[in-house]
Amino acid sequence: MEKNYDHNASENKISASWEASGAMKADNKSKKKKFTISLPPPNVTGELHLGHAAMLAIEDIMIRFKKMTGHEVLWLPGTDHAAIATENVVLKHLGLKSREEMQRNEFLKECRKFATAKHDRIVHQIKKMGAWLDWSREAYTFDEPRNQAVNTIFKRLYDDGLISRGHRMINWSVGAQSVLSDEEVVYKEVKGALYHYKYFFVDSEEFLEVVTTRPETMFGDTAVALNPHDPRAKKLHGKKVKVPFSGREIPIILDDHVDLEFGTATLKVTPAHDPNDFEIGEKHNLEKIQVIGFDGHMETNDHVPKKFQKLSSEECRKLLTKPSEWFIKKEEHLHNVGFCYRSHTVVEPMISPQWFILVDKEFETNKPQRFLFARHGETTSTKNRVVQGESDPLNIKGKADAKKLAEFLSRNKNVTRIISSEHKRAKQTAEIIGRSLGIKIETWKEFNGADLGSVVGKKILPNKISFDMAIEAKTGETMKQIFDRVKKGWEKLKKETSEGDILVISHRSILSTLEIVRSGGDKNQVLEQRRQHESASFGYWGETTEISDKKEKTTLKKLTAEAVRSGDVKIIPKQFEKVYFHWIDNLRDWCISRQIWWGHRIPVWYDKEKNITAVGDIKTPHKDWTQDKDTLDTWFSSALWPFSTLGWPDEKAEDFQKFFPTDVLETGHDILFFWVARMIMFSKYATGKPPFHTVYLHGLVTDEHGKKMSKSAGNGIDPLEVVEKFGADAVRLSLVVGTATGQPIPLGASKISGYRNFVNKLWNAGRFVKMQTPTSKKPEPKSLADKWIASRFTKISKEIKNHLDKYEISMAGDKIYHFVWDDFCDWYIEESKKEPNPDFLYYLFNEILKLAHPLCPFITEKLWQELGNKDILIGESFPETNYVDKKAEDLFEKFQKEVIETRKAKTDKTAIEKEIKQLKKDISALEIRLKNKGYLKKAPAKLVEQTKKELKESKEKLQKLS
RNA sequence: GGGCGGUUAGCUCAGCUGGCUAGAGCGCCUGCUUGACUUGCAGGAGGCCACAGGUUCGAGUCCUGUACCGCCCACCA
């Protein structure tokens, strides 16, 4: 083995050996629990950037960890055709200003050619990062299976009346003669002007002073608006004024949109040429009058006076700002103007027919609920409203209720499993139902009853209840513990994948807690529920909760919100839930059509008379039919990604059955609503299930000072370059450790080199291990150091597993780093030199490699092979040891302290004087705390004990030193 | 304009449900080191946790306000 680890010499070989093993291919017939991630598809024509690198690192860690903890993992790769971006890149590539310079088919061919060439490059880049992807299932947003999915969902939406064609505002580029997407509009601050005009009243010599930046649109005015809080509003509302030059009469209306601070607080409303005015127009039912044509010249119609017709909008403006009886003045004004990013001409807002999705329109869902829940039947004590310590048997009415419920279920539901709490009443109810349905009942302790607040013999006042209060009669659980327990039960329940419905029988307080859990509630809600329960009589007891099987009406917007609100989809970090809801609250109809060439054509076919004749998946249309020339927007096909990649619309496809819903969606937080929210929306709509249960959002990768990386600032880092320089492991670690979820990820060479050093440290530890010669095959800890490190390994590996279970990758990485470097290398290896135990060392080091493998797969794989292991490391299970030796830990820690003390003493005798000073300070602080009566009274006893112990220790230490 | 974050050592940041005698990496200072590792080892200096109030026995942690900084969305007649 070389003295230093050479990543370039080994990474490619290791990647190749992984691929050759075929172990990346997921088995859809496996009996193991699945874990699925679909890779957010990078743009084919793009380059791999650090955001991708972070995404790949995080997802790869999740995948490897799940694989090593016994899951059938599927990490599904793919690429995105990213229509708009590709079109523009191809145009540039061909040196064209507009795609119209080429035949449509020719242009598409170029796009395809370009994308194919670029594809291999991005795939190569992805593989460089060590990503454990199942390439046998690679998908592309623009291939045939995805096209099928797009057509299918379009048809469904259309049939449900959720898709419609109507007039909407679009960005029109006069220069490019094309509709632009929002992303293609570049806003620039421009020195423009505010033009003041007189709008005379119909019935007097007086006028309203109206301010505009675009006077040429005035012929399309259909109202003048005032703010409802404007003092003039009452008087003027409903009166009429005349449009300058043309004299057309328009009403004065009131609208909140008018800013009282701006200009003269008098707004001319032009619904056909301004997006805001369009909205006001919709609200007030105003006419939309087009006065500027698609060629950028004034229209020839009755609304435009003769002398302005056919003029360009600039010429028209010049004419309008010449002195006249209407024109008042012009003043300078800075404002943002949209430009076409291709032709650099001003964007004209225009009205044109567009396809859009009605997110607020109701439709029927008939997806059956999988869980249903019921209370246990009535007992004598519940009937008599008596608080009771022991549970008593169901009374006759209770049994009858249970039978009724069973009948209802057998008629209306397909219950295949019954889960009950362990307590008598619930179990009895469950058994009655189970017998009549022929199902064996299961008991889950998570749903055990907790008679909150009713400790036998005592009464707790509702307003005195706190979340941490121990409250249940028998087990002494706190409210928090109960809440957490129920939550755990719910999480467990949600993961159940068995066919059919699951019936849960539990107790009232548990079911209402469950309601709060399901609604994503917090502790205040639990307390409130508790208080209500306390102050209410026990009158609820004994009824069984009706299970409804109604067809419900809902909207796409509601579906999307509910998935998160109910806790079916969790967003990490939580702060983004707020962002998510805010977006949904403001969600309007989603415009889905674009005039681009490189994308899914809208699957609507017209006959010659332009009557719609067919919608959806038409494979062999009649040759006289024409397809709608608009294209679906980019996010439309991306929104289907989590299921279109698994065989949907064929819901019986083996992949779909086994791997859907996916588990985690990991992506940058900036596309939370562009993409994530839309996936949730469409998945809930198309499959009835959310597409994933966890959304993990990583932050923006910035330079080491937290600045955005950009070409112009020259602070960009090319991932492949740093991989070459420091190794993929180092790059992965630096993107993942020392970061907080959702926060920016600062990255610089010094950070990466730090983790390169760590990788090298691991390499050298391996070198040391290899120099030892194992004798027997019994890896038993013998020395104190052996026992200490073994015990510590158990603790640390448990912690790391916990962190990774919760997707706390940074924490896990930090712990591995310090365990390997501080505990294993600096202490254990050094100590083991005195009392070598090669067998144990070999064993332990192998375990460490497994532990570290998800985070740094290359170096661990390389060392694994160096140590003579044949199979690939990912096939091993994640370490799970239970060796614990508390005594050894304490002893060794004491030893460590002593060593450190003597080292200190060696270097400097003054670093002692300081310590005495510090100790004295500490002692007085501790003494003050212990003298505080409030502290002694109110602080937990454990803590007081600890303080006392600390004081004693500090005093002893002080004595020793002086 | 709407929304969401951040403000802790020279730099970049951790610090979960309040118990901290405030941590990490890098940088800095002083030594050491030819058997795993100079991509190393040992030790050290360095913080009124943005500011002002409040709740509490106890606040970096919770609440209110102020001031900066950042991000996302919308786009101003």
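Naming convention: chains lettered A, B, ... in sequence-line order (proteins, then strands); numbering from 1 in each chain. All figures in this text were calculated on a predicted structure; none of them were measured in a lab.
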Atom [atom1] of [X] to atom [atom2] of [N]: distance rounded to whole Å?
X	N	atom1	atom2	answer
A/Met1	B/U39	CE	P	17 Å
A/Ile745	B/C13	CD1	P	12 Å
A/Gln575	B/G3	CD	C1'	12 Å
A/Leu697	B/C4	CG	C1'	13 Å
A/Arg903	B/G31	CZ	C1'	14 Å
A/Gln743	B/G15	CD	P	9 Å
A/Asp826	B/A36	CG	P	14 Å

Give a yes or no on whether a salt bridge exists between A/Lys862 and A/Glu866, defined as a side-chain N under 4.0 angstrom from a carboxylate O.
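Salt bridge between A/Lys862 and A/Glu866, a charged N being under 4.0 Å from a carboxylate O: yes.
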With distance as the sole test, does A/Asn227 use its side chain to make a donor-acceptor pair with the main-chain N or O of A/Val258 at under 3.5 Å?
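Yes, the answer is positive, given that a donor and an acceptor are paired below the 3.5 Å cut-off.
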Is there a donor-acceptor contact under 3.5 Å from the side chain of A/Asp277 to the main chain of A/Thr270?
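At least one qualifying donor-acceptor pair exists.
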Mind jotting down which residue pairs meet the salt bridge (Lys or Arg N to Asp or Glu O under 4.0 Å) criterion with at least one end in residues 213-229 of chain A? Sequence neighbours excluded, please.
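Listed once each, the pairs are A/Arg214-A/Glu216, A/Arg214-A/Glu348, A/Glu216-A/Arg317, A/Asp221-A/Lys268.
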Selection residues 923-933 of chain A - residue pairs positive for salt bridge (Lys or Arg N to Asp or Glu O under 4.0 Å), sequence neighbours left out:
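Only A/Glu927-A/Lys955 qualify under salt bridge (Lys or Arg N to Asp or Glu O under 4.0 Å).
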Rounded [atom1] spacing from [N] to [M] in Å:
N	M	atom1	value
B/C20	B/G47	C1'	13 Å
B/U21	B/C26	C1'	25 Å
B/G15	B/U7	C1'	15 Å
B/G60	B/U66	P	23 Å
B/C51	B/G6	C1'	15 Å
B/U56	B/G19	C1'	12 Å
B/A67	B/A24	P	36 Å
B/G44	B/A22	P	16 Å

Hey, what are the protein-to-nucleotides 21-28 of chain B N/O distances that come in under 3.5 Å?
residue : atom : partner  : partner atom : Å
B/U21   : OP1  : A/Arg929 : NH2          : 2.6
B/U21   : O2   : A/Asp922 : OD2          : 2.9
B/U21   : O4   : A/Glu950 : OE1          : 3.4

Contacts of A/Trp763 that satisfy ring pair (Phe, Tyr, Trp, His ring centres under 6.0 Å) - sequence neighbours left out
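Applying ring pair (Phe, Tyr, Trp, His ring centres under 6.0 Å) to A/Trp763 gives A/Tyr5.
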For residues A/Val944 and A/Leu930, determine if any side-chain heavy atom of one lies less than 4.5 Å from a side-chain heavy atom of the other.
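Yes, their side chains come closer than 4.5 Å.
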Got A/Ile571 and A/Leu697 here, is their nearest side-chain heavy-atom distance under 4.5 Å?
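Yes. Closest side-chain heavy atoms under 4.5 Å.
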Assign a letter to each nucleotide of nucleotides 70-77 of chain B from its 5' end: B, base within under 4.0 Å of a protein heavy atom; S, sugar-phosphate only; -, no contact.
-SSS-BBB
Return the 5'-most residue of the pair A/Lys806, A/Asn586 with respect to RNA chain B, ranking by each residue's nearest nucleotide.
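That would be A/Asn586.
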Taking the nucleotide of RNA chain B with the nearest heavy atom to each, does A/Asn932 or A/His582 sit closer to the 5' end?
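Of the two residues, A/His582 wins.
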Going by the side chain to side chain donor-acceptor pair (under 3.5 Å) test, which pairs reach into residues 798-812 of chain A, not counting sequence neighbours?
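For residues 798-812 of chain A, and leaving out neighbouring residues, the side chain to side chain donor-acceptor pair (under 3.5 Å) pairs sorted by first residue read A/Glu799-A/Lys815, A/Lys801-A/Asp805, A/His803-A/Glu808, A/His803-A/Lys815.
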Any side chain to side chain donor-acceptor pair (under 3.5 Å) involving residues 580-591 of chain A? Give me the pairs, sequence neighbours left out, ordered by first then second residue.
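Applying side chain to side chain donor-acceptor pair (under 3.5 Å) to every pair that reaches into residues 580-591 of chain A, excluding sequence neighbours, yields A/Glu279-A/Arg588, A/His582-A/Asn586, A/Trp590-A/Asp633.
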Near RNA chain B, counting only heavy atoms under 4.0 Å, which residues of residues 760-771 of chain A show up?
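RNA chain B contact set from residues 760-771 of chain A: A/Asn760, A/Lys761, A/Asn764, A/Ala765, A/Arg767, A/Phe768, A/Met771.
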Is it the case that more than 12 heavy atoms not belonging to A/Lys937 sit under 6.0 Å from its NZ atom?
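Open: at most 12 neighbouring heavy atoms sit under 6.0 Å from NZ of A/Lys937.
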Residues that A/Thr264 engages under side chain to side chain contact (heavy atoms under 4.5 Å, CB included), provided they are two or more places apart:
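Applying side chain to side chain contact (heavy atoms under 4.5 Å, CB included) to A/Thr264 gives A/His196, A/Glu209, A/Val211, A/Thr266.
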Nearest-nucleotide pick for A/Lys3, side chain only, options being B/G5, B/G19, B/C37
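Given the options B/G5, B/G19, B/C37, the side chain of A/Lys3 is closest to B/C37.
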Could you pull out all residues at least two apart from A/His284 that satisfy side-chain hydrogen bond (donor to acceptor under 3.5 Å, both in side chains)?
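A/His284 satisfies side-chain hydrogen bond (donor to acceptor under 3.5 Å, both in side chains) with A/Asp255 once adjacent residues are dropped.
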Sequence neighbours left out, what passes side-chain hydrogen bond (donor to acceptor under 3.5 Å, both in side chains) with A/Asp822? Give chain and number order.
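Result, side-chain hydrogen bond (donor to acceptor under 3.5 Å, both in side chains) vs A/Asp822: A/His818.
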Hey, where does RNA chain B pair up into stems, meaning at least three consecutive Watson-Crick or G-U pairs with distances under 3.5 Å?
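Looking at RNA chain B, the stems formed by three or more consecutive pairs are B:1-7 with B:67-73, B:10-13 with B:23-26, B:28-32 with B:40-44, B:50-54 with B:62-66.
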Reckon A/Lys931 touches a base, only the sugar-phosphate, or nothing at all at heavy-atom distances under 4.0 Å?
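It contacts nothing in the nucleic acid.
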